[in-house]
Structures are given as structure tokens and as C-alpha cells.
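Read the structure below first, then the notes.
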Amino acid sequence: MSEELKQEAAEVEVDPGGSLAPTLRANSALGDAIDEYEEQMVRKGFSENTIKAFANDLKILRTFMDSSAVLREIQTQHLEEFLEWMQSERGRPCKPKTLSRRITTLKVFFSWLHGAGAIGTDPAEPIVQQSVRTPLPVVLSAGEASKLLRVCQDWLWDLQKPDSRPYVLVSLLLQTGIKKSEAVKILLDDIERADTQQPAVFIRYEEERYAHKNRRIPLNSYILGPLDQYVEQYGPENFLFECTPRNLEYVLEEAGKRAGIRHVQVGFETLRWTSAVRDFRQGKKDEELRLKMGLSKVSWRETSSKIQRLAGQT
């Protein structure tokens with residue numbers, strides 16, 4: 001399950017009541033409850049991927065149990081039979097990650113109904129979540145990160161065809177650990193440089209439910225010179241990077257090749273994890289690092305564990 005989907009699922013569990021339709025009761029049909037839940041996800045502004053994934057999982061549940069099934073009659077045993085059917089009788093066995101997500105869907109959906117008072121007990125609560133341990137991401141060593149920056153710096157001052165964008169992009173990502181979706185939304189005005197010794201970048205989200213992701217991340221002052229050169233060269237008017245996200249991915253890939261990094265394709269995720277591990281090794285406290293990465297406390301649990309393992313600690 002993606003980080004975004006897991007986080008949104010957790011937010012539903014934390015706030016299960018939402019705007020449940022007053023007509024939904026214990027004697028309501030499962031199909032009506034599922035329809036209302038899907039509308040609830042839309043009202044709360046969940047991402048298209050999350051809505052699609054949860055809706056598909058509940059569609060399978062509706063097929064197994066029938067839309068007319070009465071909510072109060074659904075027991076834990078029925079949900080366990082549903083999970084067994086998906087794994088061994090449906091003809092399309094679930095992969096571990098898919099099964100884990102579908103269990104999460106059941107837990108979130110019935111927790112929402114129970115929290116809002118539509119059902120007296122939560123039949124999904126006793127079901128054991130089958131977590132999937134995803135492989136650790138690959139990060140750059142300190143030497144590789146330094147070499148990557150040096151290559152971008154040489155690119156910056158290349159006598160034949162200088163290009164300032166690789167250095168600005170790589171330096172920004174290594175310093176901040178921001179995601180691709182955040183990098184492409186940075187406005188020129190989001191770069192704070194009134195104090196040239198303590199510049200910073202603001203990461204902003206318009207959606208209220210992502211308010212915890214809004215943050216100010218300090219930058220090293222040495223980025224300001226290359227940043228001025230970049231603005232002069234590319235002439236952005238609103239956004240810092242006025243190109244497609246794929247173009248930025250190409251820049252990172254090419255920088256990685258020039259630096260001779262072969263064991264991993266240099267990209268946004270690689271540099272995000274590299275930045276986090278470096279901060280951890282330099283002694284940044286958990287809460288400070290969580291806020292810098294823009295993660296909820298729920299998402300941070302798994303991320304923190306991975307960072308510690310990547311840093312060679314248990």
C-alpha cells in the first residue's frame with residue numbers, strides 16, 4: 001500500500017464519524033453503506049488512487065456478501081470467510097500486499113460505521129492485520145552524495161554548455177528531503193532569502209487535511225548563488241521548476257550517470273531517503289525529522305524504522 005493511501009486510511013480511522021448520513025442504521029443494507037462511504041471519501045477530498053483502491057476492495061466484498069446484506073448481521077466470521085474466499089476460492093489469489101490493503105479497507109470501513117453509531121460492534125476489529133515488510137529503499141553513501149553534487153557543480157560551470165538546474169535540484173533535494181510532488185509545486189516566492197545567511201524554502205499545501213505537511217525548511221546559503229544563475233538561465237515566472245516532473249527525473253538520472261552511480265537509479269525517492277538518513281546520522285531528533293519530512297505520526301512509525309535500519313541501527 002502506498003504511503004499516501006495508508007495515511008488517508010489512518011485519517012479515516014482517527015475521525016470515523018465524518019458526515020455519516022443520518023439514514024444509515026444497523027438495519028441498512030451493506031450496499032447503501034458502501035455507497036455512502038465512497039461519497040464520504042470524495043467529500044473529504046481523498047486522492048483518486050485511494051478512492052479507487054478502497055472502492056474496488058468494497059466492490060469485491062459486496063459481490064461476496066450481496067448488497068442486501070444487513071449491517072447488524074455481518075459478523076467477524078463472515079469477514080474471515082470473505083478473506084479466505086479471496087485467497088483460495090476466487091480464482092485470483094491475493095498477493096501479500098493486496099491482501100494487507102484489503103484487510104485495512106475492511107478495518108477502516110467497519111470502524112467508520114461503528115464510530116458513527118451505525119453498528120453496535122465492529123466485526124473487523126478482531127481480524128489480524130497481515131503486514132507486509134517492504135524492501136528497504138536504496139540510499140547513496142556520503143561519498144556518492146558528495147560526488148553527485150560535485151558533478152552537478154561541474155555541470156553548472158561547464159564552459160561548453162553550462163546548466164544550473166541539476167545543481168539546484170540535487171542540492172535542494174539532499175538538503176530538504178522533499179517529495180517530487182512537493183518540489184514541482186514550489187513557487188519562487190516560497191524561497192525565503194531576506195537573510196542571505198539563513199535562507200529557507202516553504203512547502204505549502206492548500207488542502208486543510210494536509211495542514212501538518214506545511215513547513216519551513218532551512219537551506220544552506222551556498223545554494224543562493226547557483227539559484228540566481230538558474231533563475232537567470234531559465235527565467236521561471238511563477239514556479240521554481242517550470243517543466244514537467246518527468247523532465248526533472250531525466251535531470252536526476254543523467255546526474256547519477258555522470259557521477260558513476262550504477263547500483264541505483266538516482267531519483268526523487270533515493271535522494272529523499274538519503275537526506276533523511278544523513279539527518280538521522282547527524283543527530284536530528286525523531287520529531288524534528290518527522291516534521292521536516294512532512295509525515296503524520298502514523299506514517300512516521302514505519303518510516304522511522306526504515307531510517308534506523310538504513311543507518312545501520314536497530
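For clarity, every value in this text was computed on a predicted model and none was experimentally measured.
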Practice item. Evaluate the side-chain proximity of Val138 to Thr270: yes if any heavy-atom separation is below 4.5 Å, no if none is. Key: no

**Study point:** Nearest heavy atoms of Pro236 and Tyr230, plus distance in Å
**Key:** CG-CE2, 4.1 Å

Review point. SG/Cys152 to CG/Asp158 distance, rounded to the nearest 0.5 angstrom?
Key: 12.5 Å

**Study point:** same_hphob_cluster(Val170, Phe239) at 4.5 Å side-chain heavy-atom cutoff
**Key:** no

Review point. Between Arg258 and Glu254, is there a salt bridge with N-O shorter than 4.0 Å?
Key: yes

Review point. Once you round to the nearest 0.5 Å, how far does CG of Asp279 lie from OG1 of Thr176?
Key: 9.5 Å

Check your understanding: So, for Ile307 and Ala276, which heavy atoms are closest and what is the spacing to 0.1 Å?
Key -> CD1-CB, 3.7 Å

Exercise for review: Kindly determine whether Phe241 and Val168 satisfy side chain to side chain contact (heavy atoms under 4.5 Å, CB included), including the steps that lead there.
Suggested key: CA-CA 10 Å; Phe241 300 113; Val168 170; 4.2 Å; yes

Practice item. Look only at the side chain of Ser275 and the backbone of Leu174, and say whether a donor-acceptor pair between them is shorter than 3.5 Å. Key: yes

Practice item. Keeping the roles fixed (side chain from Gln229, backbone from Leu156), state whether a donor-acceptor pair exists under 3.5 Å. Key: yes

**Study point:** Contact check, side chains of Gln75 and Pro123, non-hydrogen atoms, under 4.5 Å
**Key:** no

Exercise for review: Answer yes or no: is there a side-chain heavy-atom contact under 4.5 Å between Asp122 and Lys107?
Suggested key: no

Point to revise | Test item: side-chain donor near acceptor, Tyr234 and Asp163, under 3.5 Å | key: yes

**Study point:** Derivation of the side chain to side chain contact (heavy atoms under 4.5 Å, CB included) call for Arg193 and Leu227
**Key:** CA-CA 11 Å; Arg193 52 185 303 168; Leu227 182 61; 3.9 Å; yes

Review point. Taking a hydrophobic cluster as the set of Ile, Leu, Val, Met, Phe, Trp and Tyr residues connected by side-chain heavy atoms closer than 4.5 Å, whether directly or through intermediates, do Leu187 and Ile191 fall within one such cluster?
Key: no

**Study point:** Note: Glu249-Arg246 ion pair, threshold 4.0 Å (strictly below)
**Key:** yes

Check your understanding: How far apart are the C-alpha atoms of Leu149 and Ser171, what are their side-chain angles, what is the distance that settles it, and do they pass the side chain to side chain contact (heavy atoms under 4.5 Å, CB included) test?
Key -> CA-CA 7 Å; Leu149 272 175; Ser171 179; 4.0 Å; yes

Check your understanding: Same cluster for Leu136 and Trp300 if Ile/Leu/Val/Met/Phe/Trp/Tyr side chains link at under 4.5 Å?
Key -> yes

Practice item. Starting at NZ of Lys147, measure out to OG of Ser141 and round the result to the nearest 0.5 Å. Key: 10.0 Å

**Study point:** Lys292/Glu288 ion pair, N-O < 4.0 Å
**Key:** no

Study note, to complete from the structure: When every non-hydrogen atom of Ser164 is compared with those of Pro226, the smallest separation belongs to CB-O, 4.2 Å

Point to revise | Heavy-atom side-chain proximity of Phe268 to Lys179 below 4.5 angstrom | key: no

Practice item. Give a yes or no on whether a salt bridge exists between Arg301 and Asp286, defined as a side-chain N under 4.0 angstrom from a carboxylate O. Key: no

Point to revise | Euclidean distance, Ile34 CD1 relative to Met65 CE, rounded to 0.5 Å | key: 9.5 Å

**Study point:** Residues Lys52, Glu38: salt bridge by 4.0 Å N-O rule
**Key:** no

Review point. Should we say atom CG of Asp189 is surrounded by more than 12 heavy atoms from elsewhere, each under 6.0 Å from it?
Key: no

Check your understanding: So do Leu99 and Leu83 actually touch side chain to side chain, heavy atoms under 4.5 Å?
Key -> yes

Practice item. Verify the distance criterion only: is there a donor paired with an acceptor across the side chains of His78 and Glu73 at less than 3.5 Å? Key: no

Practice item. Considering only NZ, NE, NH1 and NH2 on the basic side and carboxylate oxygens on the acidic side, decide whether Arg290 and Glu287 come within less than 4.0 Å. Key: yes

Practice item. Inspect the surroundings of CD in Gln198 and state if more than 12 heavy atoms from other residues, nucleotides or ligands are less than 6.0 Å away. Key: no

Check your understanding: Does atom OH of Tyr222 have more than 12 heavy-atom neighbours, drawn from other residues, nucleotides or ligands, at distances under 6.0 Å?
Key -> yes

Point to revise | Lys284 atom NZ, neighbour heavy-atom count above 12 within 6.0 Å | key: yes

Review point. So, do Thr76 and Phe110 sit near enough that their side-chain heavy atoms are less than 4.5 Å apart?
Key: no

Check your understanding: Distance from Asp190 atom CG to Arg204 atom CZ, nearest 0.5 Å?
Key -> 4.5 Å

Check your understanding: Taking a hydrophobic cluster as the set of Ile, Leu, Val, Met, Phe, Trp and Tyr residues connected by side-chain heavy atoms closer than 4.5 Å, whether directly or through intermediates, do Tyr167 and Trp155 fall within one such cluster?
Key -> no

Point to revise | Short N-O contact, Glu192 and Arg216, less than 4.0 angstrom | key: yes

Practice item. Test Trp273 against Leu271 for side chain to side chain contact (heavy atoms under 4.5 Å, CB included), laying out the working first. Key: CA-CA 5 Å; Trp273 285 99; Leu271 297 186; over 6 Å; no

Review point. Are side-chain N/O atoms of Arg150 and Gln153 paired as donor and acceptor at under 3.5 Å?
Key: no

Review point. Just by distance, do the side chain of Glu242 and the backbone of Glu237 share a donor-acceptor pair under 3.5 Å?
Key: yes

Check your understanding: Can you get from Val70 to Leu61 by hopping between Ile, Leu, Val, Met, Phe, Trp and Tyr side chains that sit under 4.5 Å apart?
Key -> no

Check your understanding: Going through the distances and angles, do Trp112 and Tyr37 end up as a ring pair (Phe, Tyr, Trp, His ring centres under 6.0 Å)?
Key -> CA-CA 9 Å; Trp112 173 71; Tyr37 180 70; 5.1 Å; yes

Review point. Between the side chains of Gln77 and Glu81, is a donor N or O closer than 3.5 angstrom to an acceptor N or O?
Key: yes

Practice item. Considering non-hydrogen atoms only, spot the tightest contact between Lys306 and Pro137 and give its length. Key: CD-CD, 4.2 Å

Check your understanding: Can you tell me how far the CH2 atom of Trp85 sits from the CD1 atom of Ile60, to the nearest 0.5 Å?
Key -> 6.5 Å

Review point. For the residue pair Leu113 and Leu24, what are the closest heavy atoms and their distance?
Key: CD2-CD2, 4.0 Å

Review point. Under a 4.0 Å N-O cut-off, is there an ion pair linking Glu182 with Arg215?
Key: yes

Check your understanding: Is a salt bridge present between Arg62 and Asp57, judged by a nitrogen-to-oxygen distance below 4.0 Å?
Key -> no

Review point. Are any non-hydrogen side-chain atoms of Leu240 and Val201 less than 4.5 angstrom apart?
Key: no

Practice item. Could you pull out the closest heavy-atom pair between Pro245 and Lys180, with the gap in Å? Key: CB-CD, 4.0 Å

Point to revise | Heavy-atom side-chain contact between Leu310 and Phe280 under 4.5 Å | key: no

